Amino acid sequence: MGLVPTPDGSVSSAVPPAAPPAAKPPAVTASAGPASLKAVDKDTTAGVLFGIGAYGLWGLLPLYFFVLQPAGAVEIVANRVVWSLLFCALLITVTRTWGVLGAAFRNRSVLGTLTVAAALIAVNWLTYTYGVTTGQAVEASLGYFINPLVSVLLGVFVLKETLRPLQWAAVGIGFIAVAVLTVSYGKLPWIALTLAVSFGLYGFVKKRVGPKVGAITSLTVETVVLTPLAAATMIFLAVSGSATLASNGPGHFWLLAASGIITAVPLLFFGASARRLPMTTIGLLQYFAPVLQFVVALAVFREAMTLDRWIGFGVVWLALLVLTVDMLATARKNSAARKLALREARTDT
């Protein structure tokens, strides 16, 4: 989930530098009139709406896994991949982009990058589904709370960016939170950390390839890459008698079959969002998913939260609060700079 979806678009900083580039729009000059500035604003707004849609759907995903019982994590993920391929084929047909899809497969750079993305999202799906179906949805939600901090670290170690003081503080608090939760769980919260790292890297990889392929094409290539293994898994489960797809009634069959749409739609939203927004904004929007997941885990699944776990989560939320304050301060500077540029453009015209 999501991780984010990162998840498709122009390459932009995982961490905004001191001199802000909001969604990395083209530099505004005196010749850039109000129309071009409005186009940038419209694109950013669309990116935010797509992001909210993606993370909102991912936040409610545990409820879907709950009704799929007794299907296990491996069967659910295998079905998600295979049925997603059918949905993607339909989308490619409707949008008449088979030629674009073929070009993506012929481009070794694109195919290689999306293969990496496919592997990362497969790890993310398996880990998340395993966590939810084994009564560890709270820890799964923790992974997506941590993910914005992973985006910040990607900016440091991959993009070689320099963090501002508040960003360093947020990362430091995040490490303290992981230490507290490790003591609480009696082990390293590997589900949370795997989810955070896999989806953070997925988002980064998708943004690198975003300018070359659209969201539908990108998702289709990833699905095609994963389908042989997923289909083989479904066949193995059926032969071994452990598959539930055809043995639990038509309702269960169609619920599993619907996993193609339920999987593809938020990923498409995520890809469309990542094409328009920097990773920092995506990280901010991602709070929607873990908040919903956390509420579902407590209110619906009735998972236990001990005092030390509440403390650990509280430290995580403190880190996110610090990171959010820094992001909002940067956004205000961005807004002021854009308004000034708009006034100058109007004066010149």
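Model, not experiment: these values are computed from the prediction.
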Self-check item: Same apolar cluster: Val171 and Leu328, side chain cutoff 4.5 Å
Solution: no
Self-check item: Closest non-hydrogen atom pair between Ala89 and Trp98, with its separation
Solution: O-CZ2, 3.8 Å
Quiz prompt | Point-to-point distance, once rounded to the nearest 0.5 Å, from CG of Leu193 to CG of Asn147 | solution = 11.5 Å
Quiz item: Between the side chain of Thr129 and the main-chain N/O of Trp125, is any donor-acceptor distance below 3.5 Å?
Solution: yes
Self-check item: Contact check, side chains of Val322 and Asp326, non-hydrogen atoms, under 4.5 Å
Solution: no
Quiz item: CZ of Arg164 to CG of Leu323: how many Å apart, nearest 0.5 Å?
Solution: 9.0 Å
Exercise. Side-chain contact test, heavy atoms from C-beta onward, threshold under 4.5 Å: evaluate it for Leu268 versus Leu219 and give yes or no.
Key: yes
Quiz item: Considering all heavy atoms of both residues, which atom of His252 and which atom of Leu68 are nearest to each other, and what is their separation?
Solution: CE1-O, 3.0 Å
Quiz prompt | Donor-acceptor pair, side chain of Ser240 and main chain of Leu237, under 3.5 angstrom | solution = yes
Quiz item: Does Phe294 have its ring centroid less than 6.0 Å away from the ring centroid of Phe313?
Solution: yes
Quiz item: Does Val94 share a hydrophobic cluster with Val265, counting links as ILVMFWY side-chain heavy atoms below 4.5 Å and allowing steps through other members?
Solution: no
Self-check item: Criterion side chain to side chain contact (heavy atoms under 4.5 Å, CB included) on Val110 and Phe105, from CA distance to verdict
Solution: CA-CA 7 Å; Val110 169; Phe105 275 104; over 6 Å; no
Practice problem: Please confirm whether the backbone N or O of Ala272 pairs with a side-chain atom of Arg276, one donor and one acceptor, at under 3.5 Å? | Solution: yes
Practice problem: Without swapping roles, check the side chain of Asn79 against the backbone of Glu75 for a donor-acceptor pair under 3.5 Å. | Solution: yes
Quiz prompt | salt bridge (charged side-chain N to carboxylate O under 4.0 Å, His left out) evaluation trace for Glu303 with Arg309 | solution = CA-CA 12 Å; Glu303 291 190 14; Arg309 290 183 186 178; over 6 Å; no
Self-check item: Intermediate values then yes/no, side chain to side chain donor-acceptor pair (under 3.5 Å), Gln136 and Tyr185
Solution: CA-CA 11 Å; Gln136 301 176 82; Tyr185 281 100; over 6 Å; no
Quiz item: Any chain of hydrophobic side-chain contacts (each under 4.5 Å) joining Val183 to Ile146?
Solution: no
Self-check item: Any side-chain heavy-atom pair of Leu256 and Thr244 under 4.5 Å
Solution: yes
Self-check item: Val48 vs Ile52 side-chain heavy atoms within contact, under 4.5 Å
Solution: yes
Quiz item: Checking side chain to side chain contact (heavy atoms under 4.5 Å, CB included) for the pair Leu195/Leu142: CA distance, chi angles, key distance, verdict?
Solution: CA-CA 9 Å; Leu195 289 173; Leu142 174 64; over 6 Å; no
Quiz item: With side chains defined as the heavy atoms from C-beta onward, is the minimum distance between Val205 and Val209 less than 4.5 Å?
Solution: no
Quiz item: At their closest point, which heavy atom of Ala264 faces which heavy atom of Ser84, and how far apart are they?
Solution: N-OG, 4.3 Å
Quiz item: When clusters are formed by joining ILVMFWY residues with side-chain heavy atoms under 4.5 Å apart, either directly or through shared neighbours, do Leu318 and Leu307 land in the same one?
Solution: yes
Self-check item: Side-chain donor or acceptor of Ser141 paired with backbone N/O of Val138 under 3.5 Å
Solution: yes
Quiz item: Can you name the nearest heavy-atom pair linking Asp308 to Val180, along with the distance?
Solution: O-CG1, 4.1 Å
Exercise. Please tell me if the side chains of Val221 and Val213 come closer than 4.5 Å, counting only heavy atoms from C-beta onward.
Key: no
Quiz prompt | CG on Asn248 to CG on Leu255, rounded to 0.5 Å | solution = 10.5 Å
Self-check item: Side-chain heavy-atom pair Ser198, Thr127 within 4.5 angstrom cut-off
Solution: no
Quiz item: In terms of the angle between their ring planes, are Trp83 and Phe253 parallel, tilted or perpendicular, with boundaries placed at 30° and 60°?
Solution: perpendicular
Quiz prompt | Pairwise distance CG(Leu90) to OG1(Thr95) - rounded to 0.5 angstrom | solution = 9.0 Å
Quiz item: Taking all atoms of both residues into account, what is the closest heavy-atom pair of Val296 and Gly59, and its distance?
Solution: CG2-O, 4.4 Å
Quiz item: Heavy atoms, side chains only, cut-off 4.5 Å: are Leu181 and Val316 in contact?
Solution: yes
Quiz item: Could you give the distance from CG (Leu277) to OG1 (Thr45), rounded to the nearest 0.5 Å?
Solution: 9.5 Å
Practice problem: For side chain to side chain contact (heavy atoms under 4.5 Å, CB included), just list the numbers for Leu57 and Phe269, CA-CA rounded to whole Å, side-chain angles, deciding distance to a tenth of an Å, and then say yes or no. | Solution: CA-CA 10 Å; Leu57 290 171; Phe269 283 175; 4.2 Å; yes
Quiz prompt | Side-chain donor/acceptor of Tyr64 to backbone N/O of Ser259, under 3.5 Å | solution = yes
Quiz item: What pair of heavy atoms forms the shortest contact from Ala140 to Gln293, and how long is it?
Solution: O-OE1, 4.1 Å
Quiz prompt | Working for side chain to side chain contact (heavy atoms under 4.5 Å, CB included), residues Phe204 and Val158 | solution = CA-CA 10 Å; Phe204 178 77; Val158 180; 3.2 Å; yes
Practice problem: Could you give me the CA-CA distance, side-chain angles and deciding distance for Tyr55 and Ser273, then say whether side chain to side chain donor-acceptor pair (under 3.5 Å) is met? | Solution: CA-CA 11 Å; Tyr55 290 119; Ser273 176; over 6 Å; no
Exercise. With rounding to the nearest 0.5 Å, note down the distance linking CG in Leu153 to CD in Gln167.
Key: 10.5 Å
Quiz prompt | Shared hydrophobic cluster, Tyr144 / Leu321 (ILVMFWY, side-chain heavy atoms < 4.5 Å) | solution = no
Self-check item: Residues, nucleotides or ligands: over 12 heavy atoms within 6.0 Å of Trp168 CH2
Solution: no
